[in-house]
2 protein chains.
Amino acid sequence: MARKRITPGKIRLAEVAKLAGVSPITASRFFRNPEALSAGKRARVESAAKELGYVPNLAARALASQRTEVIGVLIPSLTNNVFADVLRGIYDALDGSRYSIQLANTRYSILQEERLLRLFLAQKPAGLIITGINQTADSHRIMETVDCPIVQIMEVGPAPIDMMIGFSHFDAAKAAIAHLLAQGYRRIGFLGARMDPRVQRRLDGYRAAMTEAALFDPRLIVTTAIPTSVTLGGTLFADLLAKAPDIDAVFCVNDDLALGALFECKRRHMAVPEQMAIVGFNDLEFMASSEPTLSSVRTNRYEMGRNAAMMVIETLEGRRPAEPVVDLGFSVIERQSSARRS
Amino acid sequence: MARKRITPGKIRLAEVAKLAGVSPITASRFFRNPEALSAGKRARVESAAKELGYVPNLAARALASQRTEVIGVLIPSLTNNVFADVLRGIYDALDGSRYSIQLANTRYSILQEERLLRLFLAQKPAGLIITGINQTADSHRIMETVDCPIVQIMEVGPAPIDMMIGFSHFDAAKAAIAHLLAQGYRRIGFLGARMDPRVQRRLDGYRAAMTEAALFDPRLIVTTAIPTSVTLGGTLFADLLAKAPDIDAVFCVNDDLALGALFECKRRHMAVPEQMAIVGFNDLEFMASSEPTLSSVRTNRYEMGRNAAMMVIETLEGRRPAEPVVDLGFSVIERQSSARRS
DNA sequence: ACCGATATTGACAGCGCTACCAAGCGATTG
DNA sequence: CAATCGCTTGGTAGCGCTGTCAATATCGGT
């Protein structure tokens, strides 16, 4: 004989229903679609649930309904400040909603990403937020067959899997270089670390801008696969100076590198911007309060995360966003470090 | 008559079992406790599962077993670099294990924390990692009755709910001040933002050290409830200078404030450390590469997260750590910004 | 060859909830 | 006044897996 698995004192939906004097299924409906109940029963179930302190069992719900209320988020890094802002936006948008977040770290590997994707999609998530537009062919195929809203974040491009929100890294970098050119700088170096697809597109934007201005020179480019850091910014900047001592400006693919370059300038007693202009990318908080203040390209990361989560929710609620691809743009923030060449 | 909810093509445990020629329950055991099977059946189930691409249904597992394989993590902030490192440690430790992470943001509110705790514990988590030792009385009561490993992180103190890993913020701050005193500084200011309990204890450490040296002066202390930032570091430092123009050093409760103070010094053409010594807290990466390099108190955040997760796993696997309270310590990193007073 | 002990395996029911269908009910309509 | 309609409510079964216990296979010792 099998056991009687009794769980004494646990409040189940049945208890709530009994107290409210309705059937369990009616109580169930109260939590999923309150409008379907008559006002009287709705009030009775509500007060019964509150009185008993009922908390639904999500596992049972997921099993019976064949779907979860979890939104998966795949990002390449937990350390990068950029993703902290995106995450904050996502969490804020989902706060108070029925949905929870399952976060996974791909560590900048699309194979890792594919593995996590398979694992995750098997659990029938309510939605998915995934970083970038470079997934493996298999990942692509899997996502196209899956039946849940998917938002690709961080950049925009052709052929979204479902929805997309971000900006053009190519254009943003190009605009940063255009700014430096307009300020009178000519020998503009490029510093890049962890050359992920988005950083690569920034390099493309740099190359396009420099080529258009007939100023392109491969010796001005220093990149590495090493993860970014302030210290690395100093090192790369030193490398760049060794390769091209005559540079008058440097564009860094992120603000950490820019800060590192600034410190390296200080160590070399190089005046910024008089002897060396610096422009970063992302406009992290400290850029506005360094000495000198550092120019950067502002990207709307918090809004990106927030909107991505909202797009998922809206789709789930049947109010699909009119525009599946959202370009949040960017803006070049001009500060002291790239003041006009005198 | 009720429906036949057929799900065609879905691979369930039963399919795997049939292909392997064993009963479903044996297949189930393969995934939970492979050693219990004979080598032959183990191999058969394994190859059957691989051939069919079986992925277990976690909702069904959770419902049947009355517990989940989710470890909850409650942290007060997603933006703070400190927690990014802790999280990375946790994710790394749990990577490849059967456990997944449910992350929640308390926003430095213990009431919010209590709400999240109730919500979360109702889902029977496998374990819980929670920040700090200051929870509401109700939270405490709830956690004591719940039957899962709990690790309090970020600090150590008396009376752990279950396990604990961190360090003494009081001692760490006191050691930082002792270092400045040893270097010959006397009028040492204190800069504090977002005075959460741990920051408060750093202030206590500062006060203790200064009082012991008979140098305590309340005018040397500037604090605010505003969240920390580099910009705020500059502002607070300016406030401090206005209140106490004769200070010769400043201890900042975190590195962002220290960096902000450094920039403010540069703006005022104050030489660091000749006219003003600076010591931060946490030893973020950039402290080692600023100009001048900034002294700080190194805390082992990654290890803290990693060990906390490992303590949870070990407990779940029956190998409970010998020592429930782990003090990871700290170290004062002496750099240029607090060089000996000449 | 027999016994009990140990290692494997299987049968059964049920975890708590929701999908599906059907029924009840009062209101509306020709 | 009967037929019809829309709204609300309930009954039944089952989602996929695992806890409990029983049954069987294996083994060493006497």
Side-chain angles (χ1 to χ4, degrees), chain A residues 1-18 20-45 48-49 52-69 98 122-124 126, chain B residues 1-45 48-49 52-69 98 122-124 126 147:
Chain A
M1 184 198 73
R3 76 347 190 130
K4 280 277 160 295
R5 278 192 253 172
I6 38 98
T7 338
K10 172 127 45 85
I11 288 100
R12 301 192 312 283
L13 192 54
E15 273 73 56
V16 176
K18 193 193 272 183
V22 301
S23 70
I25 187 66
T26 300
S28 167
R29 267 191 279 262
F30 168 77
F31 292 101
R32 290 174 294 139
N33 185 19
E35 296 80 37
L37 298 200
S38 62
K41 303 226 168 184
R42 183 164 38 202
R44 293 230 302 284
V45 175
L52 295 173
Y54 171 71
V55 181
N57 181 319
L58 299 184
R61 180 179 282 180
L63 182 58
S65 68
Q66 298 280 54
R67 60 192 143 72
T68 64
E69 290 174 345
R98 65 201 303 174
Q123 307 310 326
K124 307 243 176 126
Chain B
M1 185 197 75
R3 83 324 194 147
K4 281 276 163 291
R5 274 193 261 175
I6 39 95
T7 338
K10 174 127 44 80
I11 287 100
R12 301 191 311 285
L13 192 54
E15 274 73 56
V16 176
K18 192 194 272 182
L19 180 61
V22 300
S23 70
I25 187 65
T26 300
S28 168
R29 267 190 280 261
F30 167 77
F31 293 102
R32 291 174 293 142
N33 185 17
E35 296 80 39
L37 298 200
S38 61
K41 304 226 170 187
R42 182 164 39 205
R44 293 230 301 283
V45 175
L52 296 172
Y54 172 71
V55 181
N57 181 320
L58 300 185
R61 181 179 283 178
L63 182 59
S65 67
Q66 298 281 58
R67 61 192 145 70
T68 64
E69 290 173 345
R98 64 201 304 174
Q123 308 310 327
K124 310 247 175 111
D147 175 39

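Letters A, B, ... mirror the listed sequences (proteins, then strands); counts begin at 1.
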S.K.: Name every donor-acceptor pair, under 3.5 Å, that has one atom in a side chain of residues 34-43 of chain B and the other anywhere in the protein, sequence neighbours excluded.
M.R.:
residue : atom : partner : partner atom : Å
B/Arg42 : NH1  : B/Pro34 : O            : 3.1

S.K.: Side-chain N or O of B/Arg12 versus OP1/OP2 of D/dG14: is the shortest distance under 4.0 Å?
M.R.: no
S.K.: Suppose we screen for side-chain hydrogen bond (donor to acceptor under 3.5 Å, both in side chains). Which residues come up paired with B/Ser28, at least two apart in sequence or across chains?
M.R.: B/Arg32
S.K.: Rounded to the nearest Å, what distance is computed from the CG atom of residue A/Leu63 to the P atom of nucleotide D/dA13?
M.R.: 18 Å
S.K.: Taking side-chain hydrogen bond (donor to acceptor under 3.5 Å, both in side chains) as the definition, give me every residue that meets it alongside A/Thr26, ordered by chain and number, with sequence neighbours left out.
M.R.: A/Ser23
S.K.: Do the side-chain N or O atoms of B/Tyr54 get closer than 4.0 angstrom to the phosphate oxygens (OP1, OP2) of D/dC17?
M.R.: yes
S.K.: Name all pairs fulfilling the salt bridge (Lys or Arg N to Asp or Glu O under 4.0 Å) condition that reach into residues 54-68 of chain A, sequence neighbours left out, sorted by first residue then second.
M.R.: A/Arg61-A/Glu69
S.K.: With sequence neighbours excluded, tell me which residues meet side-chain contact (heavy atoms from CB on, under 4.5 Å) with A/Ala49.
M.R.: A/Val16, A/Phe31, A/Tyr54
S.K.: Side-chain N or O of B/Ser38 versus OP1/OP2 of C/dA7: is the shortest distance under 4.0 Å?
M.R.: no
S.K.: Using modelled atom types and a 3.5 Å cut-off, is there a donor and acceptor pairing between side-chain atoms of A/Gln123 and backbone atoms of B/Leu58?
M.R.: yes
S.K.: Flag yes if more than 12 heavy atoms outside B/Asp147 fall under 6.0 Å of its CG atom; otherwise flag no.
M.R.: no
S.K.: Which nucleotide sits closest to the side chain of B/Arg61: C/dC15, C/dC17, D/dC17?
M.R.: D/dC17
S.K.: Axis-to-axis angle across the helix from C/dA1-D/dT30 to C/dG30-D/dC1, five pairs an end, to 10 degrees?
M.R.: 40°
S.K.: In whole Å, what is the span from the CG atom of A/Asn57 to the P atom of C/dG16?
M.R.: 7 Å
S.K.: According to a strict under-4.0 Å criterion, is A/Arg67 in side-chain N/O contact with OP1 or OP2 of C/dA19?
M.R.: yes
S.K.: Starting at NZ of A/Lys124 and ending at P of D/dC15, how long is that distance when rounded to a whole Å?
M.R.: 12 Å
S.K.: Ignoring the backbone of A/Ser65, work out which of C/dA19, C/dG16, D/dT8 is nearest its side chain.
M.R.: C/dA19
S.K.: Return the residues of residues 17-37 of chain B meeting this criterion: a heavy atom under 4.0 Å from some atom of DNA chain D. Order them by number, or give none.
M.R.: B/Ile25, B/Ser28, B/Arg32
S.K.: Separation of A/Lys41 atom NZ from D/dC7 atom C1', in whole Å?
M.R.: 13 Å
S.K.: With sugar-phosphate meaning primed atoms plus P, OP1 and OP2, does A/Arg42 contact a base, only sugar-phosphate, or nothing at under 4.0 Å between heavy atoms?
M.R.: nothing
S.K.: Starting at atom CG of B/Leu58, determine the distance to atom P of D/dC17, rounded to an integer number of angstrom.
M.R.: 10 Å
S.K.: From CG of A/Leu13 over to P of C/dA19, roughly how many Å is that when rounded to an integer?
M.R.: 12 Å
S.K.: Among residues at least two apart in sequence or on other chains, which ones pass side-chain contact (heavy atoms from CB on, under 4.5 Å) with B/Ala20?
M.R.: B/Val22, B/Arg44, B/Val45, B/Ala48
S.K.: Counting only side-chain N and O atoms of A/Gln66, is one of them less than 4.0 Å from OP1 or OP2 of D/dG14?
M.R.: no
S.K.: Before accepting this row, confirm whether a basic side-chain N of the pair A/Arg12/A/Glu15 lies closer than 4.0 Å to the acidic partner's carboxylate O.
M.R.: yes
